[in-house]
Amino acid sequence: MMTKRRTLSAPEVIAKKRDGQVLSEADIHAFIEGFTAGTVPDYQATAFAMAVVLRGMTFDETVALTLAMRDSGRVLRLGRHAAPIVDKHSTGGVGDKVTICLTPIVAACGAIVPTMSGRGLGHTGGTLDKLESISGFRVALDERELKKQLRQVGSALIGQTEHLAPADRRLYALRDVTATVESIPLITASILSKKLAAGIDNLVLDVKVGRGAFMKSTDSARELARSLVHTGRLAGMNVSAVLTEMDAPLGMAVGNALETVEALSLLHGQGPEDLEEVTFAVGAEMLRIAGIAKTKSQAIRRMRSAVEDGSAAAVMRAMVRAQGGDPRVVDEPDRLPSAKHRGTVTSPRTGFVREIDALEVGIASMKLGAGRTRAEDSVDPTAGIVLSVKRGDRVDAGSSLATLHASKPSLLQEAKTQVLASLRIGGSKPKLESRIIETMRR
């Protein structure tokens with residue numbers, strides 16, 4: 001008669017992973033259950049995270065960690081809908097306001113889109129902060145409110161509740177302050193556990209690559225995308241990933257209310273070309289993976305039609321109204337708050353804009369008040385930067401490169417210097433390439 005193997009204690013789990021051995025599903029689940037219950041203290045969870053950073057995880061281990069963190073709290077059951085449910089997730093970048101315009105467009109094309117987003121930290125902005133620049137907009141919906149809104153509107157833009165994947169929220173807070181963020185298995189489990197807990201069946205990931213992104217190289221972004229797609233599929237989701245370039249800011253605006261204005265403009269067919277390109281590429285994959293469109297070209301035609309006939313803007317109005325915001329901002333973006341002080345960055349020479357460093361622009365925007373260095377910091381919804389130029393544009397000496405927005409004039413000068421340093425003006429026009437690098441489906 002076979003005896004059942006006991007699950008390892010927390011120190012044994014840490015030591016086994018430290019030594020590069022493979023953990024069992026039972027041991028990973030027991031460790032996360034203990035962490036959630038408080039019997040595994042923070043210092044042991046931190047040691048576990050560091051062991052994973054140093055030794056990695058197999059796909060089976062990553063799936064087990066993902067499911068254990070999903071099961072650490074409530075798992076939503078969104079119920080039956082006449083349309084397929086699909087969501088997206090971005091790994092974050094500078095000027096990335098895609099979620100705000102993408103969600104109503106995809107919903108207008110016939111999908112149910114319960115998009116769960118996060119707040120900004122460091123040089124990358126957060127969708128929830130941008131949405132809260134809309135007066136009265138609530139990002140915290142309970143399960144009953146969410147289900148009702150999905151039935152009535154077909155979409156929602158919400159934050160993670162304290163009941164969804166609480167182990168992930170606690171572990172991420174520890175990783176953020178103990179140099180254990182940079183681990184593909186831990187990133188994978190963090191992203192997917194929240195989506196699985198939210199009841200998502202179909203998921204498209206926008207994996208950013210470049211100076212303003214978490215992943216600086218295409219190879220590392222591919223590795224992350226491959227992990228997310230494969231782990232997601234093993235965990236029972238239909239997942240694909242679109243790799244998009246983030247060396248330069250996406251669009252022209254960086255900052256919460258400023259980016260919201262730009263996202264809303266895309267719903268009226270007036271957004272910047274690169275923002276439209278990324279929005280439509282990710283949206284096309286969402287419609288394909290949900291079974292609403294067979295091809296990318298068919299999906300893009302449907303999305304363009306939703307913008308042109310006004311149905312995407314109508315969904316956004318309904319969504320803002322349902323979540324307590326002022327729906328008039330969709331058509332009247334000047335109702336959003338604006339900064340008291342502005343400053344202009346001018347070109348020191350005539351030439352072509354060869355580079356705009358997204359990381360430096362993001363840091364400058366953060367210094368103006370648009371971002372936070374700690375999770376508990378507040379943000380100024382009016383602060384940020386609006387670029388006047390894109391890569392490849394010709395500029396004259398003295399012409400405007402960017403406008404800075406801040407609540408205090410004292411914040412402008414340092415940011416001006418940093419923004420100017422982020423732009424490289426040269427004598428020849430650079431080769432311009434698509435923002436879309438590739439799509440990964442397995």
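Residues E276 and R304 are paired through a salt bridge, judged by an N-O separation under 4.0 Å between the basic side chain and the carboxylate. The residues R435 and E277 are annotated as not salt-bridged, no charged nitrogen and carboxylate oxygen being separated by less than 4.0 angstrom. For the pair E223 and R226, the salt-bridge criterion is not met [side-chain N within less than 4.0 Å of a carboxylate O]. Using a 4.0 Å cut-off between charged side-chain N and carboxylate O, E438 and R222 make a salt bridge. Under the 4.0 Å criterion applied to side-chain N and carboxylate O atoms, E355 and R211 are not assigned as salt-bridge partners.
Here the CG atom belonging to D380 is positioned 10.0 Å from the NZ atom belonging to K340, to the nearest 0.5 angstrom. Between the CD atom in E262 and the CD1 atom in I100 there is a gap of 10.5 Å [rounded to 0.5 Å]. Within the model, atoms NZ of K390 and CD1 of I356 stand 6.0 Å from one another, a figure rounded to the nearest 0.5 Å. In this structure, CG on L368 lies 12.0 Å from NE2 on H341, to the nearest 0.5 angstrom. Rounding to the nearest 0.5 Å places CZ of R169 at 10.5 Å from OG of S193. The CG atom of L336 lies 9.5 Å from the OG atom of S135; values are rounded to the nearest 0.5 Å.
Side-chain atoms of N256 come within 3.5 Å of backbone N or O of A370 as a donor-acceptor pair. Side chain of S133 to backbone of D129: no donor-acceptor contact under 3.5 angstrom is found. Distance alone, capped at 3.5 Å, is enough to place a donor-acceptor pair between the S72 side chain and the M69 backbone. Checking side-chain atoms of E259 against main-chain N and O of G255 turns up a donor-acceptor pair under 3.5 Å. Using a distance-only test at 3.5 Å, with no hydrogens or angles considered, a donor-acceptor pair links the side chain of E245 to the main chain of D247. Using a distance-only test at 3.5 Å, with no hydrogens or angles considered, a donor-acceptor pair links the side chain of K194 to the main chain of S190. Here the side chain of R391 pairs no donor or acceptor atom with the backbone of L432 at under 3.5 angstrom. Within the 3.5 Å criterion, the main-chain N or O of S183 finds no donor-acceptor partner in the side chain of R175. Between the side chain of S365 and the backbone N or O of G384, no donor-acceptor pair lies under 3.5 Å.
In the model, S311 has a side-chain atom that pairs as donor or acceptor with a side-chain atom of D309 under 3.5 Å. In summary, the side chains of T62 and T188 do not present any donor paired with an acceptor at a separation below 3.5 Å, with no hydrogens or angles considered. The closest side-chain donor-acceptor pair between K97 and T260, if any, does not fall under 3.5 angstrom. If you check the side chains of D206 and T244, you find a donor sitting under 3.5 Å from an acceptor. Side-chain atoms of T36 and R170 form no donor-acceptor pair, as typed in the model, at a separation below 3.5 Å.
Here the shortest heavy-atom pairing between I385 and A402 reads CG2-CB, 4.0 Å. Of all heavy-atom pairs spanning V329 and L264, the tightest one is O-CD1, 3.4 Å. Annotation for Q44 and F31: closest pair O-CZ, 3.8 Å, computed over non-hydrogen atoms. The nearest pair of heavy atoms linking L150 to A156 is CD2-N, 4.1 Å. Residues G251 and L387 share a closest heavy-atom pair of O-CD1, 4.4 Å. Pairing each heavy atom of L128 with each of S117, the nearest pair is CD1-O, 3.5 Å.
With M237 as the partner, the side chain to side chain contact (heavy atoms under 4.5 Å, CB included) test is satisfied by one option alone out of N202, I200, I289: I200. A side chain to side chain contact (heavy atoms under 4.5 Å, CB included) with T231 holds for exactly one of T66, L67, D60, V239; it is T66.
Within a 6.0 Å radius of CD in E273, other residues, nucleotides and ligands contribute 12 heavy atoms or fewer. By the neighbour-count criterion of 12 heavy atoms within 6.0 Å, atom CD of Q298 is densely surrounded, having more than that number from other residues, nucleotides or ligands.
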**Message:** Run M303 and L287 through side-chain contact (heavy atoms from CB on, under 4.5 Å) and show every step you take.
**Reply:** CA-CA 9 Å; M303 287 188 288; L287 293 176; 3.9 Å; yes
**Request:** Just do the salt bridge (charged side-chain N to carboxylate O under 4.0 Å, His left out) check on E285 and R441 with the steps written out, would you?
**Result:** CA-CA 10 Å; E285 187 64 14; R441 294 171 179 156; 2.8 Å; yes
**Request:** For side-chain contact (heavy atoms from CB on, under 4.5 Å), just list the numbers for M286 and C109, CA-CA rounded to whole Å, side-chain angles, deciding distance to a tenth of an Å, and then say yes or no.
**Result:** CA-CA 10 Å; M286 291 173 73; C109 291; over 6 Å; no
**Request:** Starting from the C-alpha separation in whole Å, work towards a yes-or-no answer on side-chain contact (heavy atoms from CB on, under 4.5 Å) for V139 and I158.
**Result:** CA-CA 4 Å; V139 298; I158 59 171; 5.6 Å; no
**Request:** Let me see the working for I105 and L267 under side-chain contact (heavy atoms from CB on, under 4.5 Å), right down to the final yes or no.
**Result:** CA-CA 8 Å; I105 292 173; L267 295 179; 3.7 Å; yes
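In this structure the side chain of V52 reaches within 4.5 angstrom of the side chain of K17, judged on heavy atoms. Under the 4.5 Å side-chain criterion, counting only non-hydrogen atoms from C-beta, L401 is in contact with V395. K195 places a side-chain heavy atom less than 4.5 Å from the side chain of M116. Between L192 and L203, the closest side-chain pair of non-hydrogen atoms falls below 4.5 Å. Side-chain contact between P104 and M319 is present, with heavy atoms from C-beta onward closer than 4.5 Å. Side-chain contact between M440 and V207 is absent, with no heavy atoms from C-beta onward closer than 4.5 Å. L250 has its side chain within reach of K208: a pair of non-hydrogen atoms, C-beta onward, lies under 4.5 Å apart. Residues S90 and V98 fail the side-chain proximity criterion, which asks for heavy atoms closer than 4.5 Å.
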